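Working notes, structure below.
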Amino acid sequence: MSPNLESGPLDELSVTKPVSVGIIGGGQLGKMIALDAKRMALKICILDPCSCCPASSVSDELIVADFTDEQAIRKLATKSDVITYEIELANSKALIDLASKNHNLVNPSPETLHIIQDKYKQKSFLKKNKLKVPSFEIVNSEEELFDLCEDFGFPVMLKARENSYDGRGNYLIRSKREISKVFSRFAGGGRGGEKEEERQLMVEKFVNFRQEISIMVARNRSGQITSFPVAENIHEDHILKLTIVPARVSERVAKDARKMAEKALSALKGAGIFGIEMFVTHDDKVMINEIAPRPHNSGHYSIEACSVSQFEQHIRAILDLPLSEPRLLCPAVAMINILGPRNYVGPYIISGVTKLLSLPELTLHIYGKKISEPKRKLGHLTLLGKSMHETLSRVDTANKIIKVRPLRENKGDLN
Ligand code: ATP
Ligand code: MG
């Protein structure tokens, strides 16, 4: 085993006995954590249900198991000096059990994960800590949903409390007529008379926001807190498509957002990086949409555009190393998600690469997912710019060039 992290701050890194980081989840976030960890010759062990997950290409060991598999999580613990997670589906109860025996082992704290996993618990926690969130209520029946829609006024955002991401567990109810259909489909028992597993639901008042913004904030185990610049997020079809930094908000909004993000972090236990998603209303008020206790899609720009990336900051935080004060290295940056096309599931090709890479100051990330699915995040592009105006015009150019298309064996794509 490597130097015990319980004995105090980490001051020596050994190549012979490297510090070992266990990551639950081997998607693109796990891969990018591993890539930064590898720069410091740390050892990476990934737990993921898929043996060919994106992080498998850059990890030392892989445990193939479900994120919730208690035995596999215990096995990961025997191989790790510190365990972290890149996905909220990790088994928080098993992690709480492990942390009760070794306080520093799991970061961010599994108690924080437990709160965040349930959108209702999370919002209640934020509200209790005097952080502004959209009005919300739990929904147990169709009748309750009718009443709440009346109270909130249409449209209303219905959300699955757990196991949802990339907007897949959200449904916008636009009118009274939709309530019954949506409720039965969402709560289970909908399709073909088959009883699906019941889902716990909540509703939120629809926020007619002017902008969506986010801030990555990190805290190390010693309590040092640092935040990244404010990012502005543009969604399409409930999924993040574009992040631009700096966000086009006033200095006061940026200050309020940063204050709110740091206050949220102070309320939550544990070390690591957190993504704080926020809405900015038309009268310049800031409220929290939700918190991710992990690196976040809207923080990818930091790899090329900041003095420290969100991934390195996360590693520093969980190993209790000093955090670096993140600084933007260029006047503007854009991050474009490369998403799987609609109506296609299967192997794919990303085309337009030569033309794309001939654009200045552009970096292409391809995660290595074998299969494309509608709106699946397959990679991203980062564009560094001289001004936001110039960067956004290059975003348009890049979007026109890059295409994800089906890989068809009979077209000779496999040769
Ligand atoms: P992600 O994984 O992208 O964070 P998610 O499944 O966790 O998504 P949310 O963050 O709750 O879902 O919502 C996804 C998007 O839906 C938000 O970024 C926002 O655009 C929109 N949205 C969510 N809640 C509201 C709301 N109360 N009012 C208006 N829009 C909302
Ligand atoms: Mg979200």
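Atoms within a ligand are numbered from 1 in the order they appear, just like the ligands themselves. Starting from 1, each residue takes its place in the sequence as its number. Everything numeric in this text was worked out from a predicted model, so none of it was measured.
Set against the non-hydrogen atoms of Tyr165, the atoms of ligand 1 under 4.0 Å away are 2 (O), 6 (O). Contact atoms of ligand 1 toward Glu277: 4 (O), 10 (O) (distance under 4.0 Å to a heavy atom of the residue). Of all atoms in ligand 1, numbered sequentially from 1 with element shown, those under 4.0 Å from a heavy atom of His238 are 16 (O). Within ligand 1, counting atoms from 1 as listed, the ones closer than 4.0 Å to a heavy atom of Phe206 are 28 (N), 29 (C), 30 (N). Ligand-side atoms of ligand 1 in range of His235: 18 (O), range being under 4.0 angstrom from any heavy atom.
Closest to atom 18 (O) of ligand 1 among all protein heavy atoms lies Glu212 OE1, 2.6 Å. Atom 13 (O) of ligand 1 has its closest protein heavy atom at Asn170 ND2, 3.0 Å. The nearest heavy-atom contact from the protein to atom 3 (O) of ligand 1 is Asp166 CA, 3.7 Å. At the shortest separation from atom 25 (C) of ligand 1 among protein heavy atoms lies Phe279 CZ, 3.6 Å. When hydrogens are left out, the protein atom nearest atom 30 (N) of ligand 1 is Phe209 CE2, 3.5 Å; that is the closest non-hydrogen contact. Atom 10 (O) of ligand 1 has as its closest protein heavy atom Glu290 OE2, 2.7 Å. From the protein, the heavy atom lying nearest to atom 28 (N) of ligand 1 is Val207 N, 2.9 Å.
Closest N/O/S atom of Glu290 to the Mg ion (ligand 2): OE2.
Here Asp97 pairs with Lys101 in a salt bridge; the nearest charged N to carboxylate O distance falls below 4.0 Å. Classification of Lys132 and Asp256 as a salt-bridged pair fails, no side-chain N sitting under 4.0 Å from a carboxylate O. No salt bridge links Arg376 with Asp166; every basic N to acidic carboxylate O contact stays at or beyond 4.0 Å.
The shortest separation from a heavy atom of Gly167 to ligand 1 is under 4.0 Å, placing the residue in contact. Residue contact check for ligand 1: Lys119 places a non-hydrogen atom closer than 4.0 Å to it.
A donor and an acceptor atom, one from each side chain of Thr226 and Glu325, are nowhere located under 3.5 Å apart.
Residue contacts with ligand 1, taken as heavy atom pairs separated by less than 4.0 Å, involve Lys159 solely via side-chain atoms from C-beta onward.
The heavy atom nearest to atom 31 (C) of ligand 1, considering only Glu204, Met157, Met287, is found in Met157.
Using cut-offs of 30° and 60° for the angle between ring planes, the Phe311 and His300 rings count as tilted.
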